[in-house]
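Each chain gets a letter, A, B and so on, in the order its sequence line appears, and its residues count up from 1.
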Protein chains: 2
Amino acid sequence: MHKLTNRTPLSEAQEDYLKQVLLLGSGGEGPGRLEDTHPVSTQSLADQMQVKPASVTGMLKKLAALGLVEYEAYRGVRLTEAGYRVALEVLRHHRLIEAYLHEALGYGWEEVHAEAEKLEHHISEAFEERIAEWLGHPSHDPHGDAIPSATLELPPTTPNRRLSALEHGVRGLVARVATQDQDSLNLLAHLGLKPGAALQLLEQVAEGSRIQVGKERYLLPMSLAQVLWVHLEGGPHDG
Amino acid sequence: MHKLTNRTPLSEAQEDYLKQVLLLGSGGEGPGRLEDTHPVSTQSLADQMQVKPASVTGMLKKLAALGLVEYEAYRGVRLTEAGYRVALEVLRHHRLIEAYLHEALGYGWEEVHAEAEKLEHHISEAFEERIAEWLGHPSHDPHGDAIPSATLELPPTTPNRRLSALEHGVRGLVARVATQDQDSLNLLAHLGLKPGAALQLLEQVAEGSRIQVGKERYLLPMSLAQVLWVHLEGGPHDG
DNA sequence: TTTTATTTTTAGGCAAGACTAAATCTTTGT
DNA sequence: ACAAAGATTTAGTCTTGCCTAAAAATAAAA
């Protein structure tokens, strides 16, 4: 029996599961409309949450009973409308906090993830509002990830592509750094490859992507080239 | 067996208990040196934590096993040196957050407590440092409560007295508002009775204290007069 | 199609931290 | 001094969220 008029506050774990179902169920471009998501496997959730698959099954049953996910045994899980809203709310908290830590408190953009991960579950709506206000209601966080609005709409997407999928010679701006791995973040930050940075793809080789950033040339391993999303120079315009 | 080389991170509940043992064990003037505290009863902790006495007993045993409190059955509890340090650290977090919410994010001084209560357990040392830096390493929070330094020293105490204990005619400045009750805070805020405000005690009556604030006169109920700590005008100097 | 490998679920447990009810200590009143 | 009252502790449960091991379902391969 679904409890759609759900006003029981969710636990931290529950919120985290919902967030991950959204993230894993969306393409690499980041979360979009609920209809565009695909079901998520128990295993992928277990990996993401650093937890055993059996634990995931247990939690999914609870969330299904709350009407927050649609869960069919052996068949993966997807969010309901209600679960989707919760997930977006958590994402909004996370990304606003990242932006605030970066802009207001001088955190490096590569340092903000861990702190936001803890805080996202513990701030009030008032806090959310005040930092959003202070920041001027930003549409993207320091990693280039979209921030849902107060009414949970996502900002319009721009046509970005993975560095690893570009043709040689192409120039563009880093639009998004889609990893949370601390080592990767540190390296990319060290190379100046943060959102907004200009780069040119020299060529794709077996080991990864040879690029030029300012006057420097680097060979970026495949694993990193895949998480760097690039906005093409002179690419498609929308207006 | 005490585990004095304690580096197991404490739970939120454990930190809260330690904080309350410190607060309840200190006089109304707020926490001072560990030697000046008195043992705290199970009942008073239960009241403060909104929990049944049996639950308190259970937790105290755990904390005693960790070497954070000295606990003798039926006899109350006090902090050990290690527990005292944890309690001060939590208090520092709490009060720095209150100050930051007030000064940086425009929270009213009467609104900050609830938010700080949640956040105090979830911020990193880096976060603590950055907001302390931003604030200029303040010695007191918006309620006038002392903030332990990064090395956990308490700022020198000033000779304040409860409004309810003053003689009529006396003038002074509000030094501290020692309540966390939201209704009381709202009322005091409404009357402009925040730390720094000047007032004069007209007379003590059975129902409370008749005072003058600016051009207004109020009869402040006993319960409120007891939580208002006043710094006497032209009072004892220390230099 | 049948076997094998992989994924997922079930079953049973554990640790925190709360609760209730019952037992036991301490204090207090006379 | 002693009994009643009040405070505290013990004993036994419950819920949450995780675990491991074993069973079952699905998917892949022969």
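- For B:Glu129, the CD atom is loosely surrounded, since the number of other residues' heavy atoms within 6.0 Å does not exceed 12.
- Distances shown here put a side-chain N or O of B:Arg75 below 4.0 Å from the OP1 or OP2 atom of C:dT26.
- Look at B:Lys61 and you'll find a side-chain N or O under 4.0 angstrom from OP1 or OP2 of D:dT10.
- Among the nucleotides C:dT9, D:dC18, D:dT9, the one closest to the side chain of B:Ala73 is D:dT9.
- In the model, B:Glu12 has a side-chain atom that pairs as donor or acceptor with a side-chain atom of B:His122 under 3.5 Å.
- Not one side-chain nitrogen or oxygen of A:Lys52 sits closer than 4.0 Å to the OP1 or OP2 atom of D:dC18.
- Distance, B:Tyr74 OH to D:dT9 C1': 4 Å, rounded to whole Å.
- One atom, OH of B:Tyr71, and another, P of D:dA7, lie 16 Å apart when rounded to the nearest Å.
- Using a 4.0 Å cutoff on non-hydrogen atoms, no part of residues 39-50 of chain B comes near DNA chain C.
- With A:His140 contributing its side chain and A:Asp145 its backbone, the two residues share no donor-acceptor pair below 3.5 Å.
- Of the possible donor and acceptor atoms, none in the side chain of B:Arg92 sits under 3.5 Å from a partner among the backbone N and O of B:Leu152.
- One finds a side-chain N or O of A:Tyr17 lying less than 4.0 angstrom from the OP1 or OP2 phosphate oxygen of D:dC18.
- Residue-environment remark: NE2 (B:His38) exceeds the threshold of 12 foreign heavy atoms within 6.0 Å.
- Per the geometry, CG belonging to B:Leu10 stands 18 Å off P belonging to C:dA15, to the nearest Å.
- The distance between atom CD of A:Glu72 and atom C1' of C:dT7, rounded to the nearest whole Å, is 16 Å.
- Judged by distance alone, with hydrogens and angles left aside, the side-chain atoms of A:Tyr84 form no donor-acceptor pair with the main-chain N or O of A:Arg78 at under 3.5 Å.
- Across D:dG17, D:dT8, C:dT9, the shortest atom-to-atom separation from the side chain of A:Ala54 is found for C:dT9.
- A sub-4.0 Å separation between OP1 or OP2 of D:dC18 and a side-chain N or O of A:Ser55 is absent.
- The distance between atom CE of A:Met59 and atom C1' of D:dC18, rounded to the nearest whole Å, is 9 Å.
- Note on A:Lys62: a side-chain N or O is less than 4.0 Å away from OP1 or OP2 of D:dG17.
- In terms of position along DNA chain D, the nucleotide closest to B:Gly58 lies nearer the 5' end than the nucleotide closest to the other residue of the pair B:Gly58 and A:Ala13.
- Closest contact between the side chain of A:Pro53 and the listed nucleotides D:dG17, C:dT9, C:dT24 involves C:dT9.
- DNA chain C is contacted by both A:Leu60 and B:Glu12; A:Leu60 maps to the nucleotide lying nearer its 5′ end (nearest heavy atom per residue).
- No donor-acceptor distance shorter than 3.5 angstrom exists from the side chain of A:Thr42 to the backbone of A:Thr57, with no hydrogens or angles considered.
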